[in-house]
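Below, each value reflects all heavy atoms present in this structure, side chains not excepted, and no hydrogens, waters or symmetry copies. One-based numbering, in listed order, for ligands and for the atoms of each.
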Amino acid sequence: MDQLQNDYPWTKAPLVVGAPMRMIALSPLAIAVSQAGGFGFLAAGNDVSNLSSGLDAVKAAQAHDTHLSHFKNVLPVGVGVFVWAGEKLLQASLPILEKYRPAAIWLYAANNTRELVQWTQETRRVTAGVTKIWIQVGSVQEAVEYTEACDPDVLVVQGQDAGGHGLVQGAGIIALFPEVDDALTTLCQERQIRKPSLIAAGGVMDGRGGAAVLALDAAGFAMGTRYLASPEANIAQGYRAAVVQASDGGQATERTKLYDQLRGTTDWPTRYGGRGVLNESFSDHANGLSFEENQRLYREAEKKGDDGWGKNARMTTYAGTGVGLVREVKKAAIITEEVREDARRCLDKVANKLR
Ligand SMILES: Cc1cc2nc3c(=O)[nH]c(=O)nc-3n(C[C@H](O)[C@H](O)[C@H](O)COP(=O)(O)O)c2cc1C
């Protein structure tokens, strides 16, 4: 049996993963993705104060779900955390991980490898290895270093098109993924260590993107931006509408530190920036508006509710270059099933072309 099928027995192939998105991917989204045979992640980010209630909600949903209730030995969601948040977050998380034993923890954005090793070892210790270790990486170097240091079960290889945070300097998934794969094959052969399963992320919005990364030999793919346009995502209508309206994402989005600075979320390691839809905050900044005035206008925009988002507004709208392919709001379960089945169809079509 395939390793992922063995570890996450409720999932269906090809594996569709709902990426953790801080304050957005909470239990409703994670449950919906997992109920549809995907793997839903709940984002804790740098604050686990609501994590227990979220995992309680998952347990309750699992008990009543015709599909998930068959898999009583596993809590069928994962939890995403920001490793840069440090020791305090780790210590607050461990009792929760020990109690609920989610199927995986998704570690992201460490200040240094030592922190990742600590999260890995401690998570494995308190959950007796039940909670699998996923680490999101954005470069070949990170992939090699973290694999050697942590023996992760899964690496999520994040390409430059990804929405939200990612390495400021990066490559698109089509170049990054095979290079990571080759480097890990070499490393694992040389060192006689286990090669992690590789999941692709960044720019996958539909079955075509899914098929493309499966063709790169990804074991599955994670989507963030696409799920923003689902009712289960915990975002304002204005944010959701701005995502659906945006098109031509290479032109309409940018990876920048500006949006974090305006929001005051400035704890990220310097190598990261957040990709979001361009708006007046960005164009005014580019045209020389002082940061102080920009932030004052941002605070004003926060009071406008849904009107605060959009091309001609100011609020941060984290989303990837694939926004132009996100054209309507659909339930997360429908997205999961459609993308999975369309990816299959695409690969069949390709196989037919080669006959
Ligand atoms: C709005 C938003 C918030 C995100 N928040 C997180 C997060 O809290 N933790 C994390 O590891 N990744 C986060 N990401 C990145 C995702 O893990 C993933 O790499 C990305 O969404 C994949 O690219 P896509 O947006 O093109 O699907 C976020 C992405 C978006 C769009």
With no hydrogens and no angle check, is any side-chain donor or acceptor of [X] less than 3.5 Å from a backbone partner on [Y]?
{"X": "Thr317", "Y": "Tyr239", "result": "no"}
{"X": "Arg255", "Y": "Gly273", "result": "yes"}
{"X": "Trp309", "Y": "Ala241", "result": "no"}
{"X": "Arg263", "Y": "Leu258", "result": "no"}

What protein heavy atom sits nearest [atom], and how far off is it?
{"atom": "atom 12 (N) of ligand 1", "result": "Pro20 O, 3.4 Å"}
{"atom": "atom 8 (O) of ligand 1", "result": "Arg22 N, 2.8 Å"}
{"atom": "atom 2 (C) of ligand 1", "result": "Met21 SD, 3.5 Å"}
{"atom": "atom 16 (C) of ligand 1", "result": "Ala19 CB, 3.7 Å"}
{"atom": "atom 11 (O) of ligand 1", "result": "Trp106 NE1, 2.8 Å"}
{"atom": "atom 18 (C) of ligand 1", "result": "Gln136 OE1, 3.8 Å"}
{"atom": "atom 31 (C) of ligand 1", "result": "Gly163 C, 3.5 Å"}
{"atom": "atom 9 (N) of ligand 1", "result": "Phe82 CE2, 3.3 Å"}

For ligand 1 and Gln158, I'd like to know whether there is a polar contact (N/O to N/O, distance under 3.5 Å).
yes
Could you go step by step and tell me if Asp348 and Arg345 meet the salt bridge (Lys or Arg N to Asp or Glu O under 4.0 Å) rule?
CA-CA 5 Å; Asp348 283 345; Arg345 263 193 292 277; over 6 Å; no
Looking only at heavy atoms of Gly45, does any of them come nearer than 4.0 Å to an atom of ligand 1?
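It does not, in that no heavy atom of Gly45 comes within the 4.0 Å cut-off of ligand 1.
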Contacting atoms of ligand 1, where contact means under 4.0 angstrom from a heavy atom of [X]:
{"X": "Tyr239", "result": "1 (C)"}
{"X": "Ile24", "result": "1 (C)"}
{"X": "Met223", "result": "27 (O)"}
{"X": "Gly203", "result": "23 (O), 24 (P), 26 (O)"}
{"X": "Tyr318", "result": "1 (C)"}
{"X": "Thr225", "result": "24 (P), 25 (O), 26 (O), 27 (O), 31 (C)"}

Taking heavy atoms and a distance under 4.0 Å, where does Met205 meet ligand 1: side chain, backbone, both or neither?
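Contact part for Met205 vs ligand 1: side chain (C-beta onward).
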Any chance you could lay out the side chain to side chain donor-acceptor pair (under 3.5 Å) test for Asp56 and Tyr100, step after step, and finish with the verdict?
CA-CA 8 Å; Asp56 278 330; Tyr100 293 92; 3.0 Å; yes
The single option from Gln35, His67, His70, Gln5 passing side-chain contact (heavy atoms from CB on, under 4.5 Å) against Trp10
His67
Quick check on side-chain contact (heavy atoms from CB on, under 4.5 Å): which of Gln136, Gln158, Arg271 does Glu142 satisfy it with?
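Testing Glu142 for a side-chain contact (heavy atoms from CB on, under 4.5 Å) against Gln136, Gln158, Arg271 leaves exactly one candidate, Arg271.
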Under 4.0 Å between a side-chain nitrogen and a carboxylate oxygen: does that hold for Lys330 and Glu338?
yes
Is it the case that over 12 heavy atoms from other parts of the model lie below 6.0 angstrom from the CG atom of Asn50?
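No.
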Distance-only donor-acceptor check, side chains Asp260 and Thr265, under 3.5 Å:
yes
Which residue from Ala162, Gly166, Ala233 reaches closest to atom 20 (C) of ligand 1 through any of its heavy atoms?
Ala162
